[in-house]
*Asks:* 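Before I ask anything, let me first share the structure, which is written out below as structure tokens.
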Amino acid sequence: MVTEYTLPPHNIEAEKWVISWALMDNETLWIFEWDGLSHKDFYQSEHAMIYEAISQLWVARKTIDVITVADQLDKNGNLDKMGWKDYLYELSAFLISTSPCVEYSKIVKEKSLLRQVLKVCQQISWDAYEQKDTIQIFDDIEKKIFALTQNQVWDNMFSIEDILKNRVEDYMEIVDNPESVNANKVNSWYTQIDEMLTWFKPWELIILAARPSMWKTAFALNVLTNIALDQKKSVAMISLEMSKESIVDRIMSEVSWVPMYKISKWNLDNADFAQMWEAMEQLSNAHVYLDDKWWMTVPLLKSKLRKLKIEKKQLDLVIIDYLQLMHGTNYEGNRVQEVADISRGLKELAKELEVPILALSQLSRAVEWRVDKKPQLSDLRESGSIEQDADSVLMLHREEYYDPDTDRKWATDVCIRKNRNWAVGEVELHFEKEIMKFVEVSKKEKKKADNTAAF
């Protein structure tokens, strides 16, 4: 008697969920594509035929819904096997009664791999029963196992010769067109920081960490406006803590020089509005994109950013505020493991999309217990893997926060605690609280001198 335990590994509910989500949100195909999912991975034949039709529409960059999938199934000669459109409508409504989980596509893939393992084992067993030559059997086993593992390898390894052939053109471009190369760099605008970090590179994960009230969001927004307005580059910000309206208010204050408290209290006059109007015109032409959804995972972030990069043809920096508010795709482990998965996912995402990611992070309370309050790498909250995954770690420290009588009022130390590309050290910035803006001391003094000369 055949029982469910003797059936090949499969999960029909997960298959239904994958198809349902694809019908409701076409962009999830980016996630399934990254997981290496194909129609051959589905156990139920109807599901395999539907996903094949969905994949064909996806390759052709056509809309994916019940009508278009039914039409593609008809072209493939499979619509009558589905019971026509009835089952498609049933699947399209399936997600309504279930909760989203990006793990389901992985479940479908894993079950498919297990079925392939069983198939290979069965073939090996039959070879043994037929009592073929022992050496030949072992050779066949090795080939079958190798073929099975090869299917899971995404990229081949490259020889240094092949890499150098591509890199030599980059080296020559640096020598021949230094101005063009510099124009492509993504800088923070803070001279000393950029000299130490040697700019934000397309595959880097940069961590900006601090205790509360150190103005790390303000610093991130300053970097955003510096890159978007001064360098005319494209920046995406994912805020899991603040609304997009609050973010825009802060940016408006910084760019227009209208005090933030006046915007927050809705206490503006005509002069303020005139300044803000000029800032609005400037910002309206900037390539800045905001997302303030409270629930975000790395796969969903990947889907959003890939879509943005394809549609806008450019993406130069991604800012995430902040890392600990993201959700992992696996809730079975502890919080430390979840944060570790998130940080690793962000590093992989930076490499895949070829865009630097600036992720804000909280620090543990251990800072408060030390005599020297300056943060260290060991203070990164909830996971040491953040330190491991990051290419650079910047930490903000305000002496005034711990010592109100200090003579370093409004001074903030940017402590570069990790830097794969160059040196570590500290840079002092001055914070203009009214407009929520960090400035370098030399630039601050120059600004005052220019204002004095104007009068």
Side-chain angles (χ1 to χ4, degrees), residues 188-190 208-230 235-296 317-326 358-363 394-402 404 406 408-414 429-441 443-444 447-448 451:
S188 72
W189 182 81
Y190 299 106
L208 174 63
R211 289 291 294 156
S213 300
M214 295 294 163
W215 304 318
K216 59 182 178 293
T217 299
F219 183 87
L221 289 175
N222 290 172
V223 171
L224 180 150
T225 54
N226 294 337
I227 290 174
L229 298 181
D230 295 344
V235 185
M237 181 168 184
I238 313 299
S239 177
L240 303 171
E241 187 174 35
M242 296 173 60
S243 69
K244 56 184 180 295
E245 290 80 11
S246 298
I247 294 171
V248 169
D249 286 348
R250 284 201 181 191
I251 294 175
M252 281 296 300
S253 175
E254 176 192 345
V255 177
S256 67
W257 287 71
V258 172
M260 184 63 203
Y261 73 86
K262 299 187 75 172
I263 298 176
S264 298
K265 293 182 177 180
W266 289 26
N267 184 22
L268 303 171
D269 55 31
N270 289 333
D272 296 328
F273 187 76
Q275 288 179 241
M276 293 174 67
W277 184 259
E278 292 181 11
M280 279 188 275
E281 290 184 331
Q282 187 180 6
L283 287 167
S284 295
N285 295 319
H287 302 291
V288 177
Y289 309 97
L290 305 175
D291 190 312
D292 62 354
K293 300 296 186 295
W294 65 272
W295 194 85
M296 184 65 64
L317 178 69
V318 174
I319 299 174
I320 300 172
D321 186 13
Y322 58 90
L323 187 150
Q324 280 84 2
L325 288 180
M326 292 187 67
L358 176 63
L360 279 60
S361 176
Q362 290 279 18
L363 294 179
L394 285 63
M395 294 179 165
L396 303 185
H397 171 72
R398 289 174 51 213
E399 187 175 313
E400 180 188 9
Y401 181 80
Y402 299 102
T406 181
R408 300 181 67 227
K409 297 288 185 181
W410 306 114
T412 298
D413 296 317
V414 181
L429 300 178
H430 183 90
F431 188 63
E432 302 281 358
K433 187 177 182 180
E434 285 195 344
I435 59 171
M436 309 294 287
K437 184 175 180 65
F438 286 94
V439 295
E440 292 177 307
V441 175
K443 291 181 180 179
K444 176 175 178 289
K447 181 72 176 179
K448 286 183 176 179
N451 292 338

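All of these numbers come straight from a predicted model, not from anything done at the bench. Quick note: numbers below take in every heavy atom, side chains included, and nothing from hydrogens, waters or symmetry partners.
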*Asks:* Quick one: are Leu396 and Val414 in side-chain contact, heavy atoms under 4.5 Å?
*Replies:*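 Leu396 reaches Val414 side chain to side chain.
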*Asks:* Measure the CD-CD distance between Gln362 and Gln324 for me, rounded to the nearest 0.5 Å.
*Replies:*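 Nearest 0.5 Å value for the CD-CD distance: 6.0 Å.
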*Asks:* Ion pair present between Glu432 and Lys437, side-chain N to carboxylate O less than 4.0 angstrom?
*Replies:* no
*Asks:* What is the distance from atom CD1 of Ile319 to atom CG of Leu290, rounded to the nearest 0.5 Å?
*Replies:*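 Interatomic distance, Ile319 CD1 to Leu290 CG, rounded to 0.5 Å: 9.5 Å.
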*Asks:* Nearest 0.5 Å please: distance from the CG atom of Leu323 over to the CG atom of Leu240.
*Replies:*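 Between atom CG of Leu323 and atom CG of Leu240 there are 9.5 Å.
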*Asks:* So, do Tyr190 and Asn226 sit near enough that their side-chain heavy atoms are less than 4.5 Å apart?
*Replies:*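 Yes, their side chains come closer than 4.5 Å.
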*Asks:* Which residue in the set Arg408, Met214, Met395 passes side chain to side chain contact (heavy atoms under 4.5 Å, CB included) when paired with Asp413?
*Replies:*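 The residue from Arg408, Met214, Met395 that satisfies side chain to side chain contact (heavy atoms under 4.5 Å, CB included) with Asp413 turns out to be Arg408.
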*Asks:* Would you call the rings of Phe431 and Phe438 parallel, tilted or perpendicular if under 30° counts as parallel and over 60° as perpendicular?
*Replies:* tilted
*Asks:* Between Ser253 (side chain) and Asp249 (backbone), is there a donor-acceptor pair under 3.5 Å?
*Replies:*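 Answer holds: no.
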*Asks:* For residues Ala279 and Met252, report the shortest heavy-atom separation together with the two atoms involved.
*Replies:* CB-CE, 4.0 Å
*Asks:* Mind listing the closest non-hydrogen atom pair of Ala286 and Leu229 along with its distance?
*Replies:* CB-CD2, 3.7 Å
*Asks:* When you compare the side chain of Ile247 with that of Leu224, does any pair of heavy atoms fall below 4.5 Å?
*Replies:*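 Side-chain contact under 4.5 Å: no.
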*Asks:* Where is the tightest heavy-atom contact between Arg211 and Tyr402, given as atom of each residue plus distance?
*Replies:* CG-OH, 4.1 Å
